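Scroll down for the structure; my scribbles are underneath it.
Fair warning: this is a prediction, and the values are worked out from it, not measured in the lab.
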Amino acid sequence: MKKSILMLSALACLTANAQETYLDGNLLKPELNGTARYVGMGGAMEALGADISTIGTNPAGIGLFRRSTANVTFGLMSQQDAPTIDGTNKTHASFDQAGFVYSTRTSSSSFLNFAFNYSKSRDFNFMLDATGSTNGGGQNLVTVNKGDNGIFDYTSDDLRLTQLDYLYGELMCYDPVDDNTSPWLYYTMDKYNMQHQQSGYIGQYDFNISGNSNNRFYWGITVGIHDVHFNSYSDYLEMNQYNDLINVIDENRITGTGFDVKAGIIFRPVAESPFRIGLSVSSPTWYELKMNNVTSLAYDFIIDNESYKEAMNVEYDQYKYKLYTPWKFGASLGHTIGQELAIGASYEYANYGSTDNRYIDYESYYWADSESSSDTQMNRHTKKTLKGVSTLKLGAEFKPDPAIAVRLGFNYVSPMYQKNGVKPGDIYSVGNAITSTAYTNWEDTYRITAGLGYNIENFNIDLAYQYSTTNGKFTPYYDPCDSRNTPQTVDVSDKRHQLMLTLGYRF
């Protein structure tokens with residue numbers, strides 16, 4: 001096997017940066033988290049209010065507090081179908097929430113409240129193990145087909161040249177010595193195995209001012225700061241009948257911050273009735289992010305009874321970009337019957353196809369002052385791949401005794417991904433150039449929740465359980481040049497169990 005030393009400086013000289021659609025999805029995916037009371041009722045408290053977790057969904061919910069309060073929440077998260085990968089534990093402890101509300105009376109029937117809350121809005125911990133057939137093709141054939149079809153000049157800095165293309169070309173697939181044949185070399189593989197691990201979280205810090213007027217009209221405004229810590233590790237292996245091996249390892253770390261503004265109202269249309277209607281809106285989260293990436297390729301072949309082994313990696317350091325999420329809108333209903341029963345329903349909508357991936361055009365010392373522009377090519381792909389998501393939340397709380405509460409909840413979240421979505425690998429964008437070829441089109445999410453609460457004087461203790469399930473279709477790569485190079489798509493799932501404990505004090 002011959003190896004060429006190509007004059008490829010594409011990845012080193014790139015200065016424009018943007019994200020990639022399927023990596024975006026990790027930051028965009030909505031989750032249910034907060035206090036155990038909020039989760040136990042399925043999060044359907046946007047019109048009922050008086051729970052600190054509504055600070056991030058309908059800020060007017062904080063306006064229903066008539067006493068100051070403080071809460072802290074701990075939890076355990078477990079992935080039911082997690083594979084065993086390098087001894088990684090499928091269960092982990094979690095610090096989910098901590099916050100307080102300071103309530104002040106402004107008149108006999110009106111209040112002005114101030115609140116702060118930390119919550120874990122996204123838990124990235126996830127493991128996947130998928131095995132399937134390459135159907136006579138292979139990941140290295142994607143690079144070969146790009147070369148044979150002239151998608152890019154291999155010695156240029158065309159952004160459709162990915163790190164993986166570079167590695168395959170350097171080590172395996174490009175041999176310009178023999179002038180009588182194509183310089184592109186392809187090695188047939190039979191099956192693949194992908195082991196993927198994710199970890200990290202998004203911490204959300206919300207600051208709120210809210211109030212009510214005559215216990216009929218409630219309002220609130222929240223400013224949120226988001227703290228991103230995302231880590232992923234993918235170990236992709238292809239094999240053939242001769243026991244030849246190709247191994248690709250991809251590592252990503254994303255860190256950064258974002259901020260958003262949320263506003264909401266709750267009103268009782270009939271003075272004599274506790275029935276409430278809530279409306280809310282959330283601005284985009286304006287993220288400023290950094291990614292570190294390392295892609296490694298190694299092969300181990302036997303050709304004509306000779307052993308060929310080689311390995312190489314490419315690293316992209318401090319890849320900076322901006323990401324603006326879509327607007328989110330919410331409507332909710334709430335009603336209480338005496339002191340015994342509370343029921344709520346909430347609906348939220350966000351069009352994730354309008355997510356804005358952005359280049360850094362000019363980087364200021366104060367990063368918030370950096371100038372950026374939309375990545376038109378990647379945003380076109382995002383619009384084709386992601387879509388509007390509807391979230392329906394239903395919940396109820398029953399108190400057989402003033403000190404005891406029993407809660408139930410249900411969520412339905414429609415799919416974020418189009419069924420025919422692909423990761424083509426030939427988008428003219430840096431976001432495409434430095435990310436893995438694998439992708440998963442996740443389907444609907446269903447959540448069932450339950451909880452218990454106990455009050456004693458000024459203290460409360462709440463427990464909650466959440467089960468969520470999402471199925472998806474995993475594909476290791478997509479060949480934009482050859483529809484015959486189609487690997488087997490594998491069914492995967494993400495089933496999670498979560499236990500939560502909230503301790504609270506009213507003062």
Side-chain angles (χ1 to χ4, degrees), residues 30-46 48-59 61-78 91-104 111 113-125 199-210 220 222-229 262 342 393 395 397 399 403-407 409 447 449-466 468 496-507:
E31 289 188 342
L32 176 64
N33 208 0
T35 65
R37 181 180 181 229
Y38 180 81
V39 172
M41 292 185 66
M45 300 191 66
E46 280 69 37
L48 292 169
D51 188 282
I52 197 169
S53 292
T54 61
I55 194 173
T57 53
N58 185 351
I62 305 300
L64 277 86
F65 278 93
R66 298 181 183 180
R67 295 180 62 183
S68 299
T69 185
N71 299 91
V72 61
T73 303
F74 307 92
L76 285 174
M77 179 81 75
S78 180
T91 302
H92 65 280
S94 179
F95 179 61
D96 293 306
Q97 178 272 328
F100 68 89
V101 177
Y102 179 70
S103 181
T104 61
F111 291 80
N113 298 334
F114 302 89
F116 165 78
N117 190 54
Y118 162 80
S119 63
K120 183 182 288 186
S121 64
R122 182 78 172 90
D123 189 319
F124 293 122
N125 284 266
S199 63
Y201 64 94
I202 298 179
Q204 183 170 320
Y205 303 82
D206 285 324
F207 302 83
N208 173 276
I209 181 171
S210 58
T222 296
V223 175
I225 299 174
H226 304 253
D227 183 27
V228 178
H229 300 271
K262 299 169 278 280
K393 300 188 284 187
E397 178 183 69
K399 290 187 174 182
I404 300 173
V406 180
R407 306 173 182 118
R447 304 186 185 112
T449 67
L452 294 173
Y454 180 70
N455 295 319
I456 178 170
E457 296 182 351
N458 292 335
F459 294 90
N460 66 277
I461 180 170
D462 297 285
L463 297 170
Y465 166 76
Q466 176 183 183
S468 67
R496 300 189 184 194
H497 301 271
Q498 184 178 16
L499 290 174
M500 306 180 70
L501 168 68
T502 296
L503 304 175
Y505 178 71
R506 294 179 299 279
F507 55 95

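Although no hydrogens or angles enter the test, the distance criterion places no donor-acceptor pair under 3.5 Å between the side chain of Asp206 and the main chain of Asn117. Thr449 places a side-chain N or O within donor-acceptor distance of the main-chain N or O of Gly409, the cut-off being under 3.5 Å. Put simply, the side chain of Thr69 gets close to the backbone of Tyr505: a donor and an acceptor are under 3.5 Å apart. In this structure, the side chain of Thr54 does not engage the main chain of Pro59 through any donor-acceptor pair within 3.5 Å. Checked by atom type and distance alone, the side chain of Asn455 never pairs as donor or acceptor with a backbone atom of Ala403 at under 3.5 Å. Using modelled atom types, no side-chain atom of Ser210 and backbone atom of Gly220 make a donor-acceptor pair closer than 3.5 Å. Judged by distance alone, the side chain of Thr222 and the main-chain N or O of Ile55 form a donor-acceptor pair under 3.5 Å. Judged purely by atom type and a 3.5 angstrom limit, Gln466 has no side-chain atom pairing as donor or acceptor with the backbone of Val39. With hydrogens and angles ignored, the 3.5 Å screen pairs a side-chain donor or acceptor of Asn33 with a backbone N or O of Lys120.
To the nearest 0.5 Å, atom CE of residue Met41 and atom NZ of residue Lys393 are 11.0 Å apart. A distance of 9.5 Å separates CG of Asn58 from CD1 of Ile62, quoted to the nearest 0.5 Å. Expressed to the nearest 0.5 Å, how far OG1 of Thr73 lies from CZ of Arg37 amounts to 12.5 Å. Atom OG of Ser68 and atom CZ of Phe507 lie 4.5 Å apart (nearest 0.5 Å). In this structure, the separation between CD on Gln498 and CE on Met77 is 4.0 Å, given to the nearest 0.5 Å. Between atom OG of residue Ser94 and atom CE of residue Met500 there is a gap of 7.5 Å, rounded to the nearest 0.5 Å.
A heavy-atom distance below 4.5 Å is found between the side chains of Tyr205 and Phe116. Looking at Asn71 and Gln97, their side chains come closer than 4.5 Å, going by heavy atoms from C-beta outward. The closest side-chain heavy-atom distance from Thr91 to His497 is not below 4.5 Å.
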Going through the distances and angles, do Ser199 and Phe124 end up as a side chain to side chain contact (heavy atoms under 4.5 Å, CB included)?
CA-CA 5 Å; Ser199 63; Phe124 293 122; 5.8 Å; no
Let's go through Leu501 and Ile461 carefully: what are the C-alpha distance in whole Å and the side-chain angles of both, what is the deciding distance for side chain to side chain contact (heavy atoms under 4.5 Å, CB included) to 0.1 Å, and is it a yes or a no?
CA-CA 7 Å; Leu501 168 68; Ile461 180 170; 3.6 Å; yes
Stepwise side chain to side chain contact (heavy atoms under 4.5 Å, CB included) check, Phe65 with Phe111
CA-CA 8 Å; Phe65 278 93; Phe111 291 80; over 6 Å; no
Can Gln204 and Arg122 be said to form a side chain to side chain contact (heavy atoms under 4.5 Å, CB included), step by step?
CA-CA 9 Å; Gln204 183 170 320; Arg122 182 78 172 90; over 6 Å; no
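Considering every non-hydrogen atom in both Ala464 and Gly40, the closest pair reads CB-N, 3.9 Å. Taking each heavy atom of Asp462 and Tyr454 in turn, the nearest pair found is OD1-N, 4.4 Å. Between Ala405 and Glu397, the shortest heavy-atom contact is CB-OE2, 3.8 Å. The nearest pair of heavy atoms linking Asn113 to Ser103 is OD1-OG, 2.7 Å. Contact between Asp123 and Arg496 at its shortest, heavy atoms only, is O-NH1, 3.2 Å. The two residues Gly34 and Ser53 have their closest heavy-atom pair at CA-OG, 3.3 Å.
No hydrogens or angles considered: a donor-acceptor pair under 3.5 Å links the side chains of Arg67 and Asn458.
Between Glu457 and Arg506 no salt bridge is recorded (no basic side-chain N to carboxylate O distance below 4.0 Å). Between Glu31 and Arg447 there is no salt bridge, since none of the side-chain N atoms of the basic residue sits less than 4.0 Å from a carboxylate O of the acidic one.
For the pairing with Tyr38, the side chain to side chain contact (heavy atoms under 4.5 Å, CB included) check across Thr57, Thr502, Ile52 returns one residue only, Thr57.
Note on ring orientation: taking the six-membered ring where Trp is involved, the planes of Phe95 and Phe74 are tilted (angle from 30° to 60°).
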